[in-house]
Structure formats: structure tokens, C-alpha cells
2 protein chains.
Amino acid sequence: MSCGGRNMQSKITINGIAKIAKVSKGTVSRVLNNERGVGEKTRERILKLIKDLNYKPSAIARSLVSLRTNNIGIVLPSDFGAGISQAFWPSILSSITRAAAELNMCVLVTTFNPEEEAVEDSYKRILAEHRVDGLITFADILGKRRTAELIAGRYPFVSIGRDDGMRHHFVDVENREGAQTMTEHLIELGRKNIVFVCGPKTLPSVRARLSGFKDVIGKYPQVKGKVLEVPFSSHEAQKAIVGHLGENRAVDALFIGAVNFVMDGLVACKHLGLAIPGDIAFACFDELDFFKERNLLTSPITSIAQPVDELGREAMNMLHELLKGDVKGFHQKLLPTTLIVRESCGEAKAGRAN
Amino acid sequence: MSCGGRNMQSKITINGIAKIAKVSKGTVSRVLNNERGVGEKTRERILKLIKDLNYKPSAIARSLVSLRTNNIGIVLPSDFGAGISQAFWPSILSSITRAAAELNMCVLVTTFNPEEEAVEDSYKRILAEHRVDGLITFADILGKRRTAELIAGRYPFVSIGRDDGMRHHFVDVENREGAQTMTEHLIELGRKNIVFVCGPKTLPSVRARLSGFKDVIGKYPQVKGKVLEVPFSSHEAQKAIVGHLGENRAVDALFIGAVNFVMDGLVACKHLGLAIPGDIAFACFDELDFFKERNLLTSPITSIAQPVDELGREAMNMLHELLKGDVKGFHQKLLPTTLIVRESCGEAKAGRAN
DNA sequence: TTGAAAGCGGTACCAG
DNA sequence: CTGGTACCGCTTTCAA
């Protein structure tokens, strides 16, 4: 038995329908697109035929004439399937996909490796080949140069996160404000010696959060703030934290600047025998599922939550607006973060903790 | 300044090239597709033009004539961005995307909610509209009825995981053998009272693993095996485990049948004050990043690892074969699992632990 | 080796 | 209200 060969998906086309209905394909097209100017009986006859034969117009053919595919591309880092930050990618992809579906659009996944200079990144290819109408990118991943290329090429895209000084459409979270909020929170709780762990300052989001931290520290002379800038790669953070905390027993708060470092932070504390929140307050920018539960790790962890779902939805909707073409200037949207107070910073105050 | 409007991606087409090169578009088409029968000089002239103008043929137009899009769809559960099993989805998606890229294909993400009966699932739509040439699905998610529909419609698809008794192309892991291996392992280590925690038997993978467990238990009269079948939803597993282990202090091994339950298992043990592996051996079907490290959770966890990368790659390649059309009968591929011995089952024996 | 023309499955416009 | 036709960008004969 042969099962291969031609793909059997409805070979029937608009011509087929037209022929059977004994009308021109123009008429069929009209009922397909719900246009007026078709006799009631004809319309119904055609509609029935369409339903009976389970006919669906070819998106390809439609695209050819409309010059729009109704597909958008999302540009992910090639290693999005690994590591703890992986929690972010499926979430954002999921929200984008959902938003896209509501707009009758489809999402095409592209990956690229920020580390290496490819001959041609695949996201450029799908753009050039007209496989997609536009792109959703990530400022932290894409980098300034590539973003500039997209701008120069006048490709429609919206970035999640932003590169300062670049003019493009974006939706971003209030990283700076979020970091400020958390720092203030720690200080209000009486912490006086805070360590902030963050990734490389090359990333826009890192810079924003870092500056938020520094802003607040600068306002309180009696509070000491220390920044630990470490690469995202394997456990540098852990070593750095153990190193610093080991030598500075006065540190009473650890502010993890990105979810990537939570485990390192937690392990470091355990390593040093530091009780949370007894000996040290533990806070994290970004929210993770297990933060909320009293599990075997620690007490529930206080965090700054990003509105990931909204981020994806807004990006998708913004891109859709762009594509419709009636956009003047730049769309830039900032989404607020939420401080979720739990137990890891001590003295559980009132606050939304779920 | 208006930035909206027409998408500027190279408006230049094959006609433009032809015109400038003063040849017919047929000729341009020939050089594009690397066909013979074009004068050396003409070819080079055209090639240069293509490069200079950075021309890329429209995938849309090509698809229209070839009736192939070179896109494939992947059908994910709508909540793939949540929960701990989320670790699986980005990994598999990533590997599929990489494999697709090598074949010059693109991946279109579709989601659907197994719980609810949609008017029309979007994966059917993209198929009907010819947005994709074929699908990669997941047996555990799609379910028998929907799989049957795809078969009946003669749509090209390969399933990851399989429904017993259904004839279709698939690639699967040796769930049964994996569960057997782990169970044997526990018994060899001297464990005599093993609890197996698994999800609903409606899922093919659950059935396979369960039968593997039972097979082995059946072979050893002196070993007691107990199955705890629980829903994947929130912490039913935890309650069930605490309940059972609380009443049966003789249990000396916990075999978690799917990664979804690890946390529940771990928390349950902690709750009961059971030391791992002192009081109880802890094993898990599926591998998670943090299993390998001695972290704050437990000792490194012994597991059965699925070859996720291979799974995705094989599925993609198999689908590609199908699409080429030269496939007879059914392609079905089984991938072996790997027992990774670590410390959570006691008596660290020799074995690959990394 | 090359050009001309038909056609893939639709949309859009014009005449009737 | 409806049919006819040109055309979207490319591939594929068929002649020349």
C-alpha cells in the first residue's frame, strides 16, 4: 500500500466551485469575501456548495494578489529551548500565537544565534521571500546593529524591549521602574546593604534595571548598594555571589536582577548557610511559577512580575496596526510591572501574594 | 513623519530582473533554479544583477505554481507556555525548527485546546488553506479522534508519540522499555516496595510507561508495586503521594512517571520527612536540567532521559520524506531512552551521570 | 540558448 | 447582479 504521494488536501478551487455553480469565479469570489452585489439565491447556492465541498480558498493565491500573507515571524534566540530563562520564551510565544489567532494571522518561528555571524539570518530570508508580513523581535536578543538593519530596510517590525536611542516601534516593560520599586521595597523593610546581581550591560533590559537600582540607592546615603555584573553562562553568578557574600557578611539583601540567576542565588545562600529571610532578604526581578509556593526551596519569593501575556498581545496588535498601514510616527508602549510581596524579604507586609 | 504604509521589502520581481537584463523571465527563472541551458555570459550577468539588487524570488508565487509552501505546522497544546512540562515544548520546538531550517523549511506554530471542541481547529485551517504542506502532531495531545481525522483526510503528518492501533507515520520514544529499565534498576538496588506515579491512562505515553512498570513488577514476586494514577492538574499528585506514603511506611522507592509530577513528589517526600535516598529512592521518567546538580532540592536525581532533540529532528525529516512523496507504507521510528544513574536512588553504581 | 505564452488560484475592475 | 478579463510573481512547456 502506498501512502505517499500527492497531498490530498481539497484539490477543489474557486474555479471548481464556479463551474459547478455555473457562475463566474468573480461571483464566487464575491461571496467568499462577503461582498454585496450578489443575488440572494446565487449567494446561497454558492455558499451551500462551499460548505458541502468543504472548500477553503488558498491563502497562497490570495497572498499573491494582496501582497499580504497574514503570517508574522517571531525571532527567537537559537537556544530558546534551554536554560532557566526558557520559562519566558514559551510564555511569550504562546501569548503572541493566541493574539495572532484572534487576528486571523499565523506565527512563523525563526531562530538565530546572536553569537555568530550567519551568511544570512533566516529572519531576513522569510522577510525577503515574503513569507511573512512583519516581525516581532526582542531587543535583548537582536542587538542594535541588526535592529538598525531592519529599520533601514523599512521592514515592519515591533520589538519587545527597546534599544535606547533607536527609533522604532516597540512594547517594553518598565524595567527601570520595576527595579526602583523593588529596591525601595527592600529599603523600606530595613535592609541596608543590598547586592544587585545582573547580566552584561550590553543588554538594554539590564541597563534599565541597573539604573533603576542605582537611582534608588543614590537616594539613600545610609544604604549601601553593590552591583555584581556577571555573564549569563554557567554559574558565574553563583561564584560571584558566594565570593561577595562570603567576604561581606553585612550584606542583608540579595536582589536578583533576572530570572536566569535565581538558582545561583538560592544555591549560593544555601552554600553560605544564610537563612532567607532571616539572614538575608531574597528578591527577584521576574516571576517564576515556583516562587509562589512554599516548597522545598525556600519560603515563597518576593518578585517583580512582568506582564508577559500582555507583552505578547500588545506586540502582536501593534504589529497588526502597522501592517494595516495607518500608523503615523512610532508606536511605543510601556507596560508596568507588579511587585509581588511574599515572604523571602522578611516581615510579610500587606500586599498581593498569590 | 509617516512610517506606516507599504512594506518596503524589495519591490523588485523576476520581471524587473528580466527587463534590466534584457532577457525573458523564463531565462531568469532558469538561473534562479540553477537549471542548465543558459549561456554562460547571460547567466553571470543575471546572477550579478540578482546579487546587486538583492533580489529574492517570492515564496508565495513559487508556492502557487508548485503547490508546495515549504512550511510545516506544529500543533501544540494551547497551554504549552505554562507548567513544568513546559520544559518539553520549547526543546522540541527548537529542535524541529533547527531541522526545518536545514531543509529550507519554516515552522508555523499552531495551538489548540484539547479540552474544548472548537468550531474549527486552527491546524485544520492552515492545512485547508494550504499554508503548510504538512503537520507535526503529538499523540498525547491530539487524541485518537483528531488523529483519525487527519488520517482519513490523507493529510501528511507525522506524530510524535503514537496511538496504538492507528496506522500513521510516527516517531516515538521507547516509553515502555524505559519504564522497564528504571524499574529493573530500582529492584537491582534492592528496593522492594515501589510506587509508580502516572497521569491518566487516556494518554498513550502513560499507558506505555505503566505497562513497562507492570511488566517488571510482575516478574518479581517479592517486589510490591503500586500505581498512583492522578490527573496532571494542580497537586493532585502531591496529595496522593502523601496519602499513600503516609499510610505505607514500607514504601522504599518512588518512581515518578512523568516530569509533571517531580515537584509534587519532592515536596511530598519533604513533607513526610523522608530522606532521599536514605528513606526512599526517588526516580523520574524524563530528564530536567536541575536533576544533574547537587542543589538545594535533593541529591542529583536518577532519571530516564528522552532524546528530545532527536525526536524533533527525526519527525521533521520523516515529514520531509513524506512530502517528497516517495514513501511506501508507514514510517515508524522508535528512539531509545537513556537511564541516567545519579544519587537519588542510593548506592551510586557505575553509570553515566553528568 | 532563449523568448513567448499558458497557467497556478485568487482579486478587481469594467462592461453589460 | 453578473460575466469577462487582466494581473499578482513565478514555473514550465513549446517553438524558434
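Below, chains carry the letters A, B, ... as their sequence lines are ordered, and counting in each starts from 1.
In this structure, CD of A:E129 is placed 13 Å from C1' of D:dC10, rounded to the nearest angstrom. As rounded to whole Å, 16 Å separates atom P of D:dG9 from atom CZ of A:R68. We find that NE2 of A:H130 is positioned 11 Å from C1' of D:dC8, with the value rounded to whole Å. If you measure from atom CG of B:L67 to atom P of D:dG9, you get 19 Å, rounded to the nearest angstrom. As a whole-Å value, the separation of A:L32 CG from D:dT2 P is 15 Å.
Residue A:K144 qualifies as enclosed at atom NZ: its count of foreign heavy atoms under 6.0 Å is above 12.
No side-chain heavy atom of B:W89 sits under 4.5 Å from any side-chain heavy atom of A:P90. Under the 4.5 Å side-chain criterion, counting only non-hydrogen atoms from C-beta, B:L334 is in contact with B:F170.
Residue B:V28 is classed as having no contact, given no heavy-atom separation below 4.0 Å to the nucleic acid. Among the protein residues, A:G39 comes within range of the sugar-phosphate backbone only, with heavy atoms under 4.0 Å from sugar or phosphate atoms but none that close to a base. If you check every strand for non-hydrogen atoms under 4.0 Å, B:T42 touches sugar and phosphate atoms only. At a threshold of 4.0 angstrom between heavy atoms, the contacts of A:K41 with the nucleic acid are absent. Backbone-only contact: A:V38 has heavy atoms under 4.0 Å from sugar-phosphate atoms and none from a base. Within 4.0 Å of A:G37, counting heavy atoms only, lies at least one base atom of the nucleic acid.
Note on A:N33: a side-chain N or O is less than 4.0 Å away from OP1 or OP2 of C:dT11. Contact between the side-chain N/O atoms of B:S66 and the OP1/OP2 oxygens of D:dT11 is not found at any separation under 4.0 Å. For A:T27, no side-chain nitrogen or oxygen approaches OP1 or OP2 of D:dT2 to under 4.0 Å. B:S24 has no side-chain polar atom (N or O) that falls below the 4.0 Å cut-off from OP1 or OP2 of C:dT2. For the pair B:S58 and D:dG9, the criterion of a side-chain N or O lying under 4.0 Å from OP1 or OP2 is not met.
Of the candidate nucleotides D:dT13, C:dT11, C:dC13, C:dC13 has the atom nearest to the side chain of A:R30. Which of D:dG3, C:dG9, D:dC10 sits closest to the side chain of B:P57 comes down to D:dC10. The side chain of B:V65 has C:dC8 as its nearest neighbour among C:dC8, C:dG3, C:dG10. With distances taken from any side-chain atom of A:Y55 to the nucleotides C:dG10, C:dG9, C:dT11, the minimum falls on C:dG10.
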Please assess A:I151 against A:M166 for the test side chain to side chain contact (heavy atoms under 4.5 Å, CB included), listing each intermediate value before the final yes or no. CA-CA 9 Å; A:I151 297 176; A:M166 306 205 75; 4.0 Å; yes
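Toward the 5′ end of DNA chain C lies the nearest nucleotide of B:K25, the other residue of the pair B:K25 and B:L64 mapping further downstream. Across the interface with DNA chain D, nearest-nucleotide mapping of A:R36 and A:G26 shows A:R36 to be the residue nearer the 5′ end.
The aromatic rings of B:F138 and B:F88 stand perpendicular to each other, their planes meeting at an angle above 60°, with 30° marking the opposite boundary.
Aromatic ring centres of A:H168 and A:F157 lie closer together than 6.0 Å.
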